[in-house]
Each structure stands twice: as structure tokens, then as C-alpha cells.
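This one's a predicted model, so the numbers in the text were calculated from it and none came from an experiment. In what follows, every heavy atom counts, from backbone to side chain, and hydrogens, waters and symmetry copies are set aside.
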Amino acid sequence: MPKLTYLISFFMMSLLVAYLVFAQPVISKLGYQRFIKLFESGAISRVRYYLNSIMLQWVMVIYILVSLSIGSLPVRDSIGLRLPSGRSAEITIGLLAMSLVFIAAITLRSMGPRYRERVRQSAKLIAPMLPQTSVERGIWIALSSTAGISEEIIYRGFLMFYLLTYLPGIPIITPALISSAIFALGHTYQGITGIIITFLLGIWLAAMYVLTGSLILSMVVHALLDVRILLIWRPDVYSESE
């Protein structure tokens, strides 16, 4: 008979999976709509919204770590919190170089005047939350770093571990696709285009995790993709009055 602590761990993890699948998409969308109303009325600032987001993401990470610890599951190996070594380190370096080139290319392209209107239109839904002041842009870096770490732990490390553990025998591509779909649903507030882009990004990040056996590269790439918004969304170009 399974130990009580194992059953508690399984229940806690299943509860979080159910939250990510059914509640998070609704809560994130309604929460963002509420933020817009409060922001427009002056009842909340972007800084406070960023700090609340950072706190909530770390709460979920702590919840995952506690759930694994209760079940005596190896935290580092379960969710990929380890440095790549040997062949994995070589693959990591190669993928990092390719990712940096790709990120730089799409960022430079988006910064060009020819794509200014396209950027404006694609960011229309999330424009209210994008940083404008120097303080907001500084905290955005902290928010991006938190998202890079916490969302990789939640959607790549934890979700893929859960699916592989409790659905034994499934091919690795299955949890990669499922976790990417759940990751995309968590960004419902960004509209259909945002969902599709997030799903494709999730597959890319999951592939790097599978190839390297570590979340480190996925975390770095994820954070850089979010931080690059500071280069694309410039207050001197996209003012709030536009």
C-alpha cells in the first residue's frame, strides 16, 4: 500500500495540474481584464501588478517543491534543476548559440521602422501592461527573470515529470505537446495569436529541456525572450497616447 506521504504528494500535484488546466486560463484572463480597469481608474500601478505576478509565480514554485519533498521525490532530478554536463553541456552551448542568434535576429527585425505598425497591432491586447517608465522597465527585468525560472519549473519541469510519472510508457513528445498546450492556455489573455505563439514557444523550450536534460537553457532563453520586450517596446516610439 502506498505511503500516506506519497498519496498526499500525488494529491497536491494533481490539484496543481487541475488548476493549471482549468482555472489558470480563466483566472489569468479575468485578472488581466480587472487590472486594465483598475489601472485606467488609477487604483493600481503597473509596478504593483508586476510585483503581484512575481509573488504568485514563486508561490507556485514553492508549492511544487513542497509537493515533491512530501513524497520524498528527488527535486533536482524530477524537474530538471541540474547543470548539464558532458555531452549535454556541449548540446546546451550549441543550442544557446543558435537561440541567441535567433532572438537577436527577430528582435532587430521588430525594432525596424518597417515593422513598427505590425508591432503596435500585435501588442494591442497587452499594451496596457507593457513598461513605460524607467522604474517599470527595471522591474520588468525582475518579472522576466522570474517568469523564465518559475514558468519553466511549472510547465516544463513539473508538468512533464507529472505526465511521465503517472502516465508511464508514453513517448516523450506527448508530455512536451501537452505541457506546451497548457502553457499556451495560461496566456489566453493575449488572444488567439498570443496563444499560438506561446504554444510554439513551449514546444521549442520543451525540446531544449529534453535534449539537454536540464531546465537551465530553457530558463535563460525564456527570460531573454521576455526581456527583449524592453528593446522592442520603447516609450519614445510607442507612447500611451497612441
Side-chain angles (χ1 to χ4, degrees), residues 8-68 70 79 122-131 136 139-163 166 175-203 205-206 215 218-219 222-223 225-226 229 233:
I8 292 173
S9 174
F10 172 71
F11 174 77
M12 290 179 66
M13 289 190 287
S14 299
L15 200 62
L16 179 57
V17 172
Y19 170 81
L20 293 173
V21 174
F22 300 107
Q24 177 70 6
V26 177
I27 291 174
S28 63
K29 185 171 184 178
L30 294 178
Y32 182 63
Q33 291 174 346
R34 182 171 180 270
F35 157 72
I36 293 176
K37 291 180 181 178
L38 292 174
F39 179 74
E40 290 176 346
S41 66
I44 190 174
S45 65
R46 287 195 187 93
V47 169
R48 183 177 170 186
Y49 181 70
Y50 295 164
L51 294 177
N52 287 343
S53 298
I54 290 172
M55 180 185 69
L56 289 173
Q57 289 179 34
W58 282 117
V59 165
M60 280 199 281
V61 169
I62 292 171
Y63 181 92
I64 289 171
L65 298 179
V66 170
S67 300
L68 292 170
I70 289 176
I79 53 177
S122 63
K124 206 168 187 179
L125 282 176
I126 62 171
M129 71 171 286
L130 297 178
E136 291 169 358
I139 298 179
W140 182 267
I141 296 176
L143 177 62
S144 299
S145 301
T146 294
I149 297 171
S150 63
E151 290 188 356
E152 290 312 300
I153 290 176
I154 295 166
Y155 291 102
R156 247 63 61 189
F158 166 71
L159 270 180
M160 291 183 66
F161 165 76
Y162 180 90
L163 293 168
Y166 300 110
L177 291 174
I178 293 176
S179 62
S180 298
I182 296 173
F183 177 54
L185 288 176
H187 294 74
T188 303
Y189 66 94
Q190 296 183 11
I192 187 63
T193 301
I195 292 174
I196 294 172
I197 292 174
T198 305
F199 175 68
L200 296 175
L201 171 61
I203 294 175
L205 295 170
L215 279 181
S218 301
M219 289 176 174
H222 189 149
L225 284 168
D226 286 353
I229 296 297
W233 192 260

Practice problem: Tell me, with the steps shown, if Ile229 and Leu130 meet side chain to side chain contact (heavy atoms under 4.5 Å, CB included). | Solution: CA-CA 8 Å; Ile229 296 297; Leu130 297 178; 3.9 Å; yes
Quiz item: Are side-chain heavy atoms of Phe161 and Leu68 found at a separation under 4.5 Å?
Solution: yes
Self-check item: With Ser9 via side-chain hydrogen bond (donor to acceptor under 3.5 Å, both in side chains) - residues at least two apart
Solution: none
Quiz item: Going from CD on Glu151 to CD1 on Ile153, what distance comes out if it is rounded to the nearest 0.5 angstrom?
Solution: 11.0 Å
Self-check item: Shortest non-hydrogen contact from Asp226 toward Ser144
Solution: CB-OG, 3.4 Å
Quiz prompt | Considering all heavy atoms, the nearest Pro128-Phe39 contact | solution = O-CE2, 4.4 Å
Between side-chain atoms of residues 47-54 and protein atoms elsewhere (two or more places apart, or another chain), which donor-acceptor pairs fall under 3.5 Å?
| residue | atom | partner | partner atom | Å |
| --- | --- | --- | --- | --- |
| Tyr50 | OH | Met129 | O | 2.4 |
| Asn52 | ND2 | Arg48 | O | 3.4 |
| Ser53 | OG | Tyr49 | O | 3.0 |

Quiz item: Looking only at heavy atoms, which two atoms of Glu152 and Leu215 are closest? And how far apart?
Solution: O-CD1, 3.6 Å
Quiz prompt | Residues which pass ring-ring contact (aromatic ring centres under 6.0 Å, His included) with Tyr166, listed by chain and number, not counting sequence neighbours | solution = Phe10, Tyr162
Exercise. Quick one: closest heavy-atom pair of Ser145 and Ala223, and the distance?
Key: CA-CB, 4.2 Å
Quiz item: Going from CG on Leu16 to CD on Gln24, what distance comes out if it is rounded to the nearest 0.5 angstrom?
Solution: 9.5 Å
Quiz item: How about Leu125 and Tyr32: do any of their side-chain heavy atoms sit closer than 4.5 Å?
Solution: no
Quiz item: Listed by chain and number, what are the side-chain contact (heavy atoms from CB on, under 4.5 Å) partners of Ile8, not counting sequence neighbours?
Solution: Leu4, Met12, Ile70
Self-check item: Side-chain heavy atoms of Leu15 within contact of Tyr63, under 4.5 Å
Solution: yes
Which donor-acceptor pairs under 3.5 Å do the side chains of residues 182-190 make with protein atoms, sequence neighbours left out?
| residue | atom | partner | partner atom | Å |
| --- | --- | --- | --- | --- |
| His187 | ND1 | Phe183 | O | 2.8 |
| Thr188 | OG1 | Leu185 | O | 2.4 |

Quiz item: What is the distance from atom CD1 of Ile192 to atom CD1 of Ile195, rounded to the nearest 0.5 Å?
Solution: 5.0 Å
Quiz prompt | Residues, nucleotides or ligands: over 12 heavy atoms within 6.0 Å of Phe11 CZ | solution = no
Quiz item: Looking at Ile197, Leu201, Ile203, which one forms a side-chain contact (heavy atoms from CB on, under 4.5 Å) with Phe199?
Solution: Ile203
Quiz item: Which heavy atom of Met160 sits nearest a heavy atom of Ser179, and at what distance?
Solution: CG-OG, 3.7 Å
Quiz prompt | side chain to side chain contact (heavy atoms under 4.5 Å, CB included) assessment of Leu65 paired with Ile79 | solution = CA-CA 9 Å; Leu65 298 179; Ile79 53 177; 4.0 Å; yes
Quiz item: Got Leu30 and Gln33 here, is their nearest side-chain heavy-atom distance under 4.5 Å?
Solution: yes
Quiz item: Going through the distances and angles, do Met13 and Phe158 end up as a side chain to side chain contact (heavy atoms under 4.5 Å, CB included)?
Solution: CA-CA 9 Å; Met13 289 190 287; Phe158 166 71; 3.6 Å; yes
Quiz item: Does the side chain to side chain contact (heavy atoms under 4.5 Å, CB included) test come out yes or no for Leu159 and Ile154, once each step is laid out?
Solution: CA-CA 6 Å; Leu159 270 180; Ile154 295 166; 5.5 Å; no
Quiz item: With Ser150, which residues qualify under side-chain hydrogen bond (donor to acceptor under 3.5 Å, both in side chains), at least two apart?
Solution: Gln57
